[in-house]
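Right, one structure below, let's go through it.
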Number of protein chains: 2
Amino acid sequence: MDAGQIRQVRHFNRAVTRRIGVLTDDYLGRGRSLGEARVLFEIGRDGANVRDLRVRLLLDSGYLSRLLRALEKQGLATLRRADDDGRMRRATLTRKGLRELDALDRRSQDFAASLLAPLGGPQRERMIAAMGEVERLMRASMVTIDPVDPGSADARACIEAYFRELDARFETGFDSTRSTSADPGELVPPAGLFLIARLDGQPVGCGAMKVKGRRLGEIKRMWVAPSTRGLGIAQRLLAALEKYAVEIGLDKLQLDTNRTLREARALYARNGYVEVPPYNTNPYADHWFEKRGLRQRKSGRVEKKPRRIRSPANQSPTGC
Amino acid sequence: MDAGQIRQVRHFNRAVTRRIGVLTDDYLGRGRSLGEARVLFEIGRDGANVRDLRVRLLLDSGYLSRLLRALEKQGLATLRRADDDGRMRRATLTRKGLRELDALDRRSQDFAASLLAPLGGPQRERMIAAMGEVERLMRASMVTIDPVDPGSADARACIEAYFRELDARFETGFDSTRSTSADPGELVPPAGLFLIARLDGQPVGCGAMKVKGRRLGEIKRMWVAPSTRGLGIAQRLLAALEKYAVEIGLDKLQLDTNRTLREARALYARNGYVEVPPYNTNPYADHWFEKRGLRQRKSGRVEKKPRRIRSPANQSPTGC
DNA sequence: TCCATTGTCTGACTATAGTCAGACAATGGA
DNA sequence: TCCATTGTCTGACTATAGTCAGACAATGGA
């Protein structure tokens, strides 16, 4: 990443926070503190348990309690015991509270509209497209990749989703018991590695590697949730697996894949995997790949720590 | 603008403020209040007059005075009388203050880098491009268009820049005294109209119309500053002139232009102006255009008030 | 039945970000 | 020389957003 890119991001941050800061201050503020507005929004049309409000808004329980009391005093919300657990309290908006929520919603919509209104049709469409892109990529940059126990709930959820998808996509369907094995025990160091990708705490992808010899490993279980494809998550999973393989001294990685998984084949080809003759009898495999000389090459792409770049530029601190 | 577009903008606002909010809170906060950090940034490497700080940061003079005192007490800034005006005070950063500014700068840069770091090369480039696009279009949406006295300083600055540009672009150069007239007096209602486009208070474009008959007007002085081209400003100026023309009962608009001004010709063609035989002897004109039936057509594009769209969606108030 | 845990609330704080009136000094034309 | 204006500062406030310890009630296994 170069200094010009960093500069663009800082400019963007500044421009956007300036413009959107107006929203928080002027639009939503109107006579109500931001804290109260946030709680009102979060209670929403269906009501919410106080506990959930606390978690979602990351508020101190004492502070939240007082904000709720303030809403109650203004006749915007009511609190009663939750039906299922007497310790919990459930907040619901009164009719007046709902009207207030409508008003907030409208102001927020007006603000969004005011950003688009001065633009012409073509500019407006470009704006929408660019905003969508930034949003998607910001989400992508929030995806974390970590090794987990393949027996954990998150890992099992990914594997099940993976199998379900294979079953749907393979012409013959998919039965995991007929496929080549990869028991959870095989995917824990030193026998292997299981990585999970998460977004906002939710699992959105996985990838595993199984050690098959002193220098040889096999890539398994590469899967990314449909909702988060196109964000480069599979690429990051693969890079992380390769990095680990190099660390434990492997030199060659192999994998098999089904003809219906085109994206996967493209990913492997892009990363220097070459097609080889079948090395197993997996009935679901149509293509076999391997990548040699892992330790020689500066493996494809490794995640780096952000580099610090000094610049004499003087930047405003609000969103720089 | 449709409901889907509004929804995209709101999603964007929420996603971006969440992510960038982290910056303001965590990155820049570190042991110093946001207010102090902002003042430190704004004083900058060259120092600044207190008065300018007040204007640029929109701070109450009492509040700013206290913030400066706090910085002084921490040994980060010094204050002394301004050389040129004994009422004003000039703030400069001490060596320690400069080090602090470096640290803030670095944190801000790290934050920008942390947004890009998890992305792969292609994603990173797409992010930069999309951010640039959003920023440009947000700037575009902040451009205001207002009628002004063509004799005002801003108007004169635009006209001079316009003449300078014509002089540079025309093969023969440009001498305003040889061109067809448009004295300031002719561009004030009811004889005409002079519009100015401004961004952050700075003039960035102009456009004028001269009434030539009961039903006929002529477009003059269409110019947009090079730094803000491609934002649809000329389109908006033209639409605003046409709207005014319709309001005062004109039915036909004419204009002439030089062959070197290709963008202008494209703009007019796009807006329904058709080329006609010369209607004057302006030595700098190579093309003559007119648009008839202004009052019949729902003139090209008119700026509308944002429409309110109700939706049951429940949205978080922080950047929605 | 006991008791650790969970969820909520209250009281007592603090820091930040401001607002407003009025004092005071310097300035720059009339 | 006068005096309105400009720029800064001080004192006296306020609202918001929070933190933290401890009280209390309900829950759900051991």
Side-chain angles (χ1 to χ4, degrees), chain A residues 17 21-22 24-43 47-74 77-92 316-318, chain B residues 17 21-22 24-43 47-74 77-92 316-318:
Chain A
T17 47
V22 172
T24 318
D25 298 353
D26 290 4
Y27 267 76
L28 294 170
R30 292 258 178 280
R32 191 160 323 284
S33 80
L34 185 63
E36 283 173 26
R38 295 215 310 151
V39 173
L40 196 79
F41 255 104
E42 206 61 37
I43 295 174
N49 288 333
V50 172
R51 203 196 83 99
D52 296 335
L53 294 176
R54 189 154 48 76
V55 171
R56 292 209 291 261
L57 296 170
L58 288 173
L59 289 176
D60 173 87
S61 65
Y63 184 38
L64 176 57
S65 176
R66 264 176 275 263
L67 285 173
L68 286 167
R69 190 130 347 269
L71 290 177
E72 215 175 7
K73 201 171 273 170
Q74 293 168 73
T78 50
L79 284 158
R80 49 175 174 64
R81 298 172 95 214
D83 297 329
D84 49 332
D85 187 332
R87 290 167 299 181
M88 282 206 283
R89 305 247 280 155
R90 185 164 185 82
T92 16
S316 144
T318 313
Chain B
T17 46
V22 172
T24 318
D25 298 353
D26 291 4
Y27 267 77
L28 294 171
R30 293 256 178 281
R32 191 161 324 285
S33 79
L34 185 64
E36 283 174 27
R38 296 215 308 152
V39 173
L40 195 79
F41 254 104
E42 205 61 38
I43 295 173
N49 288 333
V50 172
R51 203 195 84 99
D52 296 334
L53 294 177
R54 189 154 49 75
V55 171
R56 293 208 290 260
L57 296 170
L58 288 173
L59 290 176
D60 174 87
S61 65
Y63 184 37
L64 176 58
S65 177
R66 261 174 278 264
L67 286 172
L68 286 168
R69 190 128 347 269
L71 291 177
E72 215 175 8
K73 201 171 273 171
Q74 295 167 71
T78 50
L79 284 158
R80 51 177 173 63
R81 300 170 94 214
D83 297 331
D84 49 332
D85 187 333
R87 290 168 300 181
M88 283 205 282
R89 304 247 280 156
R90 187 165 184 81
T92 16
S316 143
T318 312

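Lettering follows sequence order; numbering is per chain, from 1.
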Could you tell me whether the side chain of A:V39 reaches within less than 4.5 Å of the side chain of A:L57, counting heavy atoms only? yes
If you compare all heavy atoms of A:R56 against all heavy atoms of A:A48, which two are closest, and at what distance to 0.1 Å? NH2-CB, 3.8 Å
Whole-Å distance, B:R51 CZ to D:dT8 P, equals 8 Å
Could you give the CG-to-P distance, from B:D84 to D:dT6, as a whole number of Å? 17 Å
B:R54 side chain N/O closer than 4.0 Å to the phosphate oxygens (OP1, OP2) of D:dT8? yes
Return the stems involving DNA chain C, sorted by first number, where pairs are Watson-Crick (N1-N3 with N6-O4 or O6-N4) or G-U wobble (N1-O2 and O6-N3), both under 3.5 Å, and runs are 3 or more long. C:1-30 with D:1-30
Short of 4.0 Å, heavy atom to strand atom, which residues of residues 85-92 of chain A count as contacting DNA chain C? A:R87, A:M88, A:R89
Atom pair CG (B:L79) and CG (B:L71), whose distance is rounded to the nearest 0.5 Å: 8.5 Å
For residues 63-74 of chain B, the salt bridge (Lys or Arg N to Asp or Glu O under 4.0 Å) pairs (sequence neighbours left out) are B:R69-B:E72
Heavy atoms within less than 4.0 Å of DNA chain C: which residues of residues 58-69 of chain A have one? Give them sorted by number. A:S61, A:G62, A:S65, A:R66, A:R69
From CD of B:E36 across to P of C:dG18 the rounded distance in Å is 13 Å
Any chance you could lay out the side-chain contact (heavy atoms from CB on, under 4.5 Å) test for B:L67 and B:L53, step after step, and finish with the verdict? CA-CA 11 Å; B:L67 286 172; B:L53 294 177; over 6 Å; no
Closest contact, heavy atoms only, B:A91 versus B:L68: CB-CD2, 4.3 Å
For B:R54, which residues count as a side chain to side chain donor-acceptor pair (under 3.5 Å) partner, sequence neighbours excluded? none
Sequence neighbours left out, what passes salt bridge (Lys or Arg N to Asp or Glu O under 4.0 Å) with B:D85? Give chain and number order. B:R87
To the nearest 0.5 Å, what is the distance between CZ (A:R89) and CZ (A:R81)? 9.5 Å
Donor-acceptor pair, distance only, cut-off 3.5 Å: does the side chain of B:N49 make one with the backbone of B:R51? no
